Visitor: 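One structure, as structure tokens, below. Some questions next.
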Amino acid sequence: MSTPRGQLERDNKRLTGRLALMALGSFAFGFALVPLYDVLCAVTGFGDQKALARAAEVAPQAADESRTVTVEFVADLPNVGSWEFRPVIASMQVHPGKLYETEFVAKNLTGHDTVAQAVPSVAPGNVAGYFHKTECFCFTPQKFAKDEERVLPVRFIVDRALPRHLDRITLAYTFYDQSIRVGQR
Amino acid sequence: MTRTMNKTRAALTACLIAMLAGPAHAASGWGLLNMPEGVTELSKKIYDLHMMIFWWCVAIGIFVFGWMIWAIVAFRKSKGAVANTAMVHSTRAEIIWTLIPVVILVAMSVPSARVLIDIEDARNTELTVKVTAYQWKWQYQYLGTDVGYFSTLARDSNSARQLQSGVDPETVPNYLLDVDRPLVVPAGTKVRLLLTAQDVIHAWWVPDFGMKKDAIPGLVNEMWFKVDTSKTGRYRGQCAELCGRDHGFMPIVVDVLSKADFEAWLAAQKAVVKQAAVAQATPAIS
Amino acid sequence: MATHAHAAAHDDHDHKPHGWRRWVFSTNHKDIGTMYLVFACTMFFVGGTMALIIRAELFQPGLQFVDPQFFNSMTAMHALVMIFGAIMPAWVGLANWMIPIQIGAPDMALPRLNNLSFWILPFAFLILLGTLFVPGGAPAGGWTMYPPLALQGGDSFPMMIFAIHLRGISSVLGAINVVVTIMNMRAPGMNLLKMPMFVWTWLITAYLLVAVMPVLAGAVTMLLTDHFFGTSFFAASGGGDPVMFQHIFWFFGHPEVYIMILPAFGIVSEIIPTFSRKPLFGYESMVYATAAIGFLSFIVWAHHMFTVGMPLAGQLFFMLATMLISVPTGVKVFNWCATMTRGSLSFEPPMLFALAFLFLFTIGGFSGLMLAIVPADFQYQDSYFVVAHFHYVLVPGSLFAIIGAVYYWLPKWVGRMYDQKLATWHFWLSAIFVNVLFFPQHFLGLAGMPRRIPDYATQFADWNMVSSIGAFGFGFSQLLLPYIIIKCVKSGAKAADRTWDGAHGLEWELPSPAPFHSWESPPSAAVIARGAEH
């Protein structure tokens with residue numbers, strides 16, 4: 001060996017340490033992908049579905065009367081039978097830039113007081129960046145008394161910058177009863 | 001592509017299939033060798049793309065395998081071949097076999113991108129059906145109406161598929177590909193599916209329609225298809241994403257009717273729903 | 001060094017520890033390499049048995065033998081066992097045996113760590129295989145563990161996660177050892193660009209391992225906390241996103257695919273020149289191509305999940321990036337062909353397996369290119385076409401390269417020649433049956449058969465039967481491998497130091513069998529120069 005033994009051992013330790021740090025960094029990176037994923041979606045404007053669950057701050061826009069977009073409303077229940085949940089109207093014709101309001105109706109049939117959270121989603125996914133909601137029942141968990149029926153309003157603006165090749169947006173809510181965790185048996 | 005070339009290709013395909021399969025009926029198991037051309041605008045484009053890439057691969061394969069076989073045959077030690085040990089490197093050759101594949105890839109990617117853009121263009125849909133996947137069945141809801149129902153594996157298939165049922169699957173018509181209530185859609189109409197799931201991820205796939213898409217809990221996905229007006233009939237598919245124990249047993253059946261027949265069918269369904277609502281005085285499935 | 005001393009004399013000279021201590025406390029790279037290879041071989045037959053259960057059930061339509069849930073366990077466990085238990089440990093075993101010898105080092109840089117990283121493995125797999133016996137059965141949500149399905153697992157779920165964690169630690173420690181060995185332990189005069197291709201491909205593989213195995217650990221940790229501690233990384237009900245798991249998983253998963261294939265490229269780059277009696281054509285471009293594939297593996301992950309619904313720009317990006325991989329891969333295939341051109345070829349068993357690799361891996365490459373085309377992928381995705389594709393890449397790809405490597409270096413390891421006629425039989429049986437097994441799966445997938453189903457519609461019966469026949473033929477042919485090895489160890493004829501007349505590299509400068517301690521003093525410049533004529 002041209003390098004003395006002690007030197008080699010020091011070199012080995014140093015490189016081992018560096019590689020171990022790299023491995024730890026990769027482990028942390030795995031977790032960092034969670035926020036990074038949202039950032040990426042937000043930056044590219046593609047399918048940032050999580051932004052739908054937050055109130056959007058949009059500057060008032062002039063309505064684009066020349067263009068009409070169909071917005072469909074869809075309600076989903078993961079626990080069929082224990083809730084009633086539906087949109088009041090199935091779809092609306094809207095002009096981009098204009099503020100609209102619609103309503104969903106939810107009724108608690110679980111037989112007890114509970115809390116439910118609506119999770120929003122839009123299709124196609126890349127519309128998320130152009131669909132602004134100023135008010136929505138999905139921003140916070142909703143308390144429901146036993147057998148309570150409530151009308152839940154949504155106010156939204158479709159951005160004028162909505163790509164031209166889109167003429168239809170679907171807004172869907174899945175209504176999750178917090179007392180039941182889905183996906184586990 | 002010119003028509004003659006298409007014909008040549010078709011002939012070549014037929015030869016290849018005949019070579020591989022020997023005498024076989026087109027519809028029987030041995031003859032099922034290729035992707036179906038399908039019955040929608042997109043499925044045909046996808047099929048053409050698939051065949052284009054396939055023929056590119058055949059062409060490249062003839063060259064690469066030809067080279068390998070030539071080398072194996074021509075430079076055998078047992079035939080007295082002597083190695084030219086000076087042949088270790090050629091920048092020119094290496095640049096050539098880097099650049100030519102790049103050119104081929106560009107030639108492949110342009111038509112692929114074009115078809116992809118067509119697929120993503122969901123404008124002017126005329127009918128939307130919401131498809132909700134469950135472990136292990138499908139639910140179809142016609143948006144804007146109260147018509148909606150579940151679609152599960154047909155009873156005869158279900159009893160035959162039980163472990164050691166003693167029933168020969170060959171005796172069950174459309175074994176594992178039949179349901180109690182198929183999805184019904186009109187031909188010549190751009191139909192949009194909104195896909196979601198209640199429990200785990202599933203995927204909706206009818207090969208004749210050229211597409212599959214995942215149904216994901218908490219998210220809505222969309223896909224569309226437009227079956228040719230002349231292609232009314234029954235089409236079958238299956239769940240394509242592993243979804244648990246009975247993943248293999250949640251088929252998809254789609255009845256494609258003419259527009260008029262579909263309108264009549266939908267009207268009848270609406271009447272049934274209304275009747276049921278009146279009878280039970282309970283709200284229908286929204 | 002080229003003396004033909006008796007094996008017994010070597011033993012005395014080497015002060016080899018005896019009995020079980022030799023193995024349990026081993027810090028010798030050759031012994032640890034042997035243990036890795038024996039472990040991999042064992043797991044190969046365990047995973048193979050699972051594959052045969054799958055193919056037996058799929059022999060005919062209808063459910064004859066197993067419950068669908070157990071069938072799903074078999075597909076998931078077959079993948080986990082083969083990927084993490086057979087292919088990867090086999091590569092680490094070969095790395096342990098050959099890398100120090102090939103770079104003129106006396107041992108791995110971190111011998112005690114080496115012992116630890118091996119001995120974690122049996123425990124990891126005891127836990128993983130133990131899930132077969134817990135209530136609720138083994139993991140049945142696929143090796144990809146997509147939530148929410150994976151979260152429905154019973155007692156097996158935390159066991160699987162724990163096993164994956166252990167296995168990941170073992171991999172990362174092993175990879176660190178390989179990098180440190182290659183970077184610091186090379187004999188003087190052994191420049192990076194003189195290293196054999198196997199060492200090069202392993203260096204890049206080791207970096208990939210350090211980079212992505214911990215990401216998998218992160219992903220499964222999140223699954224674990226989602227299941228037990230009420231987090232909702234992937235649960236839509238709590239604001240999470242099940243699709244995000246797929247992104248994180250495949251960020252690991254795609255480099256993982258290359259972790260399994262890059263060392264195979266290295267092996268083939270050793271074997272083909274030896275039996276063409278000609279140096280490897282375009283050595284440097286081979287190195288760069290390997291590095292390019294390693295890099296590209298990080299930016300193509302989403303091609304595994306085109307059907308989840310991605311924006312157009314994303315689909316286009318991942319399609320183009322994936323297609324780009326065929327360029328460096330093509331360079332490699334062309335270089336191998338050029339290596340054979342104007343050579344002097346002979347067809348001993350290692351060469352036969354390398355040639356089968358060349359043909360069949362190329363077929364896997366073609367189907368890979370087809371799968372990259374997004375619109376067509378909407379048809380192929382999750383069908384048997386995908387199953388055919390990745391088995392073509394992994395079985396006649398990785399596995400054949402491993403078998404080729406064993407037949408190439410076995411005489412060096414044990415000092416005896418194996419029965420080449422029997423090994424040629426092993427080759428022809430494997431090469432024929434592997435095609436009978438996997439080629440019809442292309443047809444099945446294109447005709448519309450989804451993957452991971454225990455039962456199928458009757459029009460798929462014919463090709464499934466052919467595939468199952470191929471599977472049993474292939475599976476039983478593999479029993480020849482341990483038989484040939486045992487026969488070789490027990491009664492093989494004495495092997496020459498330079499077993500193959502066209503072989504170059506430092507391993508062939510050592511006696512056969514390689515002494516327990518080799519290159520305690522580094523090889524001289526002349527020896528290195530002779531070895532580097534690759």
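To find a chain, count down the sequence lines: A is the first, B the second, and so on, and within it residues start at 1. As the structure is a prediction and not an experimental result, all values here were calculated from the model.
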Visitor: So, taking the atom named CE in C:Met183 and the one named CZ in A:Arg18, what distance separates them when rounded to the nearest 0.5 Å?
Guide: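 If I round to the nearest 0.5 Å, the distance is 10.0 Å.
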Visitor: Tell me, for A:Thr174 versus chain C, whether the close heavy atoms (under 4.5 Å) come from the side chain, the backbone, both or neither.
Guide: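 Neither the backbone nor the side chain of A:Thr174 comes within 4.5 Å of chain C.
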Visitor: Heavy-atom cut-off 4.5 Å, strictly under: side chain, backbone, both or neither for C:Ala219 against chain A?
Guide: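 Neither part; nothing is under 4.5 Å.
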Visitor: Are A:Tyr37 and C:Ile248 side-chain neighbours, meaning at least one heavy-atom pair lies under 4.5 Å?
Guide: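 Counting from C-beta outward, A:Tyr37 and C:Ile248 never come under 4.5 Å.
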Visitor: Between the side chains of C:Asn184 and A:Asn12, is a donor N or O closer than 3.5 angstrom to an acceptor N or O?
Guide: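 Yes.
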Visitor: Using side-chain heavy atoms (C-beta onward) and a distance below 4.5 Å, is C:His247 in contact with A:Leu33?
Guide: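 The answer is no; the side chains never approach within 4.5 Å.
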Visitor: Taking OH in A:Tyr100 as the centre, count heavy atoms belonging to other residues, nucleotides or ligands within less than 6.0 Å. Is the count above 12?
Guide: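 Enclosed.
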Visitor: Parallel, tilted or perpendicular: which describes the rings of C:Phe233 and A:Phe31, with under 30° parallel and over 60° perpendicular?
Guide: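 Aromatic pair C:Phe233/A:Phe31 classed perpendicular.
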Visitor: Do A:Met22 and C:Tyr207 have side-chain heavy atoms sitting under 4.5 Å apart?
Guide: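 Touching, per the 4.5 Å side-chain cut-off.
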Visitor: Return the OG to CZ distance between C:Ser237 and A:Phe175, rounded to the nearest 0.5 Å.
Guide: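 Answer rounded to 0.5 Å: 13.5 Å.
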Visitor: Write down the atom of C:Val172, the atom of A:Ala23, and the distance for their closest heavy-atom approach.
Guide: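 Minimum heavy-atom contact is CG1-CB, 3.7 Å.
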Visitor: Are any non-hydrogen side-chain atoms of A:Asn126 and C:Met310 less than 4.5 angstrom apart?
Guide: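 Not touching, per the 4.5 Å side-chain cut-off.
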Visitor: Is A:Ser26 reaching over with its side chain to a backbone N or O of C:Val210, donor-acceptor style, under 3.5 angstrom?
Guide: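 Indeed, once roles are kept as given, a pair shorter than 3.5 Å links the two residues.
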Visitor: Counting heavy-atom pairs under 4.5 Å to chain A, which of C:Ala236, C:Pro242, C:Gly154, C:Ala175 comes out on top?
Guide: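 Answer, by heavy-atom pair count under 4.5 Å with chain A: C:Ala236.
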Visitor: At a 4.5 Å cut-off on heavy atoms, which part of C:Leu209 comes close to chain A: side chain, backbone, both, or neither?
Guide: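 No part of C:Leu209 comes within 4.5 Å of chain A.
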Visitor: Pick from C:Leu113, C:Val180, C:Val215: which one has the most heavy-atom pairs with chain A under 4.5 Å?
Guide: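 Looking at each option in turn, the highest pair count goes to C:Val180.
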